[in-house]
Amino acid sequence: MAGKGRGVAAFSFNIEALGIGRGSMPEARVGPSPLYPNTDFKPVPLKVGEDEDYMLALKQEMRGTMQRLPHNIKVQSNRAEVEKYTERYLKQSQMEDEGWTPDWNLFPKELKPRTKKPRTKGTKNKKTVKVSSKEAVDVLSKLDVLAKNDDGNAEKSDDEGEKKTGNEDEEIEEEEYEEEDLEEDNDYIESYFDNGEDFAADSDENMDGEATY
Amino acid sequence: MTVQQTRLCGLLLREHFGEVVEKVGTHLLRSGAQNLRTIVQETNLSVDLVKKCLCVLVQHGACLFTAGRKGPGSPTEYRACCDRILRVLRYPRYIYTAKTLYGDTGELIIEELLQRGHMTMSSTVKTVADRLTQNMEEGHSLDYNKVSSTFSKLVETHFLQRCPPVGAAGTSGSAAPAEAPATPAAPAAAVSTALPTPESFPDCYTVPQVTLVGRGKRQLVPEDGEDQRNAKRAKMTSETHGDEGIYWQVNFERFHQHFRDQAIISAVANKLDQTSSEIVRTILRMSEVTTSPTATCTKPLSANEIFRSLPASYNIPRQILDQYLTLLVDDPMEFVGKSGESGGGMFVVNLHRALANLARATLESIVQERFGSRSARIFRLLLRKRHLEQKQVEDFAMIPAKEAKDMLYSLLSHNLVQLQ
């Protein structure tokens, strides 16, 4: 290190040429600079008044209102088949404002939702309606003959109907739901239906097959 | 468009429209103009969701659509406007301004239009009347006429404007003023990127003939499901009021003009006195609809006209008004200028110069609050004289050399001054 020990404050360039004298250097630093340097001048306080309070209240109100408008698109989460208790009561109050259709004259045509879906939904509706009416007739005619399968199916389609009118899920989910139900095994329905005589008959049959301990 | 701007727009979209719209909106902001299929592919959302989001964005004016760049056959392209989304930050101020000018009715009209993007006059009037009726006492309800008259006043003072019709989306803005809105789009060869502003259509501010008779309806608290179903059935019977297809939106530029006028008036009140600010307010009010937003100064007004239009509570004699006007013209801030002698003197408000002076005063006060009054003195010097050497700074500011150096270097480290 040239100059070490002899001229400690020797610079490698000519100081006078810059116009800075030797004495006007800032103090040498000891250690790292502080995390929060001192400020001599504190900032001016924020402007408050009733105008600003009113505008703040307006802003909060607007945020809340806009989240409830139909413009606010919420992601359709896969809802559980059992409706939550609160959701049933909330939906009734929000039923008025659900839909919003823009004026298609002002929008590009390609943004219109496809109209195919209502048709397929209609045919599926007719199918289930026919099935349930047919089975209702069966139930009436076969009241004395306790046909477990038919009764189980009629109850199941009634449940389906209720859930469809009360449920405002997307059409895709509804169709899937219907398909799931129709494809279910009949074993489950047999044990669901509770009829005294059949239960006894079943249990007798089963006990014949099972080993006794 | 900076990264931070895009992030802010995304947060605003999420707060007001949900996360799905945020995703589509930020994607459009980052990537420029895109067509529907590309958006669907790149955001990994279902087509229906993307369509709904685009509808919401177009409804609120945050997204514009144009025919594709490759000619008339290509799919429509969508482009998001960062500025328009950032306006959401100012919504409370717009609503509050409407309240101070036109009362609760005006406030609710502007609020409804801001929340829904654009609406027809009849639906706005009905919704606002219902909302106001809710807050009134039992048995009272608000007539539609009152709301309609407030609506017309808002349109007359240009705070509301009609949405431009879509068919002319291809014509250039400069040619539009002479054409009727119904002309077909310009030849496809010239696909100009300049979209016509709403003001380029002659019907922009005409209130349509609307037959609206009735009073606001109070919404009953639903006792059980029966009431709700009845109410829903009543709403299904839609009535036409003669203004289908005419949509209104809030004219943001006019609000900004109003804020600018307020700033000038309060600056005059602070610097001079209340009466001079009233005079300036009168001049600005008389020229509010005749001045374009980018004009350098207002149209010249004679002292006679100003005298006639002063508010009734300010009955100052004519000579005093003349003295005030002379005072305003001679003020170094140059708010008001004299442009002729006819009619007792023709006066204009120098908008650009007033705003430049206001901006300079704001900067000086920032430096003063952050660095002290002596640094502010140096800063003001540099603003006036543009380039100064270090020695000259010390001489003109009358500050000892060492302190002047310290202050200059601290200003330099905060990027407020530059070396050359």
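Everything numeric here is computed off the predicted structure, so don't read it as measured data. Scope of the values below: all heavy atoms of this structure, side chains included, with no hydrogens, waters or symmetry mates. Letters go in sequence order (proteins before strands), and every chain restarts at 1.
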*asked:* Please check if the number of heavy atoms outside A/K59 that lie under 6.0 Å from its NZ is greater than 12.
replied: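 At most 12 heavy atoms, drawn from other residues, nucleotides or ligands, come within 6.0 Å of this atom.
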Give, as side chain, backbone, both or neither, the part of [X] having an atom under 4.5 angstrom from any heavy atom of chain A.
X: B/K99; value: side chain
X: B/V56; value: both
X: B/F371; value: backbone
X: B/Q390; value: neither

*Distance-minimising heavy-atom pair for B/E369 and A/F41*: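 What the structure gives for the nearest pair is O-CB, 3.2 Å.
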*Over all atoms of both residues, closest heavy-atom pair of B/Q115 and A/L69*: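 In terms of heavy atoms, the two residues are closest at O-CD1, 3.8 Å.
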*Hey, which of A/M66, A/K42, A/Q67 has the most heavy atom pairs under 4.5 Å with chain B?*
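The residue among A/M66, A/K42, A/Q67 with the greatest pair count is A/M66.
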_Partners meeting side-chain contact (heavy atoms from CB on, under 4.5 Å) with B/R370 (sequence neighbours left out)_ =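 With sequence neighbours excluded, B/R370 shows a side-chain contact (heavy atoms from CB on, under 4.5 Å) to B/H414, given in chain and number order.
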*With sequence neighbours excluded, tell me which residues meet side-chain contact (heavy atoms from CB on, under 4.5 Å) with A/M55.*
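If we apply the side-chain contact (heavy atoms from CB on, under 4.5 Å) test to A/M55, skipping adjacent residues, the hits are B/P92, B/R93, B/Y96.
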Among [options], single out the residue with the greatest number of heavy-atom pairs under 4.5 Å to chain A.
options: B/L45, B/V58, B/T100; value: B/V58
options: B/L36, B/L13, B/V50; value: B/L36
options: B/G372, B/C55, B/C53; value: B/C55

_If the condition is ring-ring contact (aromatic ring centres under 6.0 Å, His included), which residues does B/H60 pass it with, not counting sequence neighbours?_
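B/H60 satisfies ring-ring contact (aromatic ring centres under 6.0 Å, His included) with A/H71, B/F17 once adjacent residues are dropped.
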_Contact residues of residues 44-52 of chain A (partner chain B; heavy-atom separation under 4.5 angstrom)_ =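 The residues closer than 4.5 Å to chain B, in numerical order, are A/V44, A/D51.
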*Considering only heavy atoms from C-beta outward, does the side chain of A/L58 approach that of B/E107 to under 4.5 Å?*
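Touching, per the 4.5 Å side-chain cut-off.
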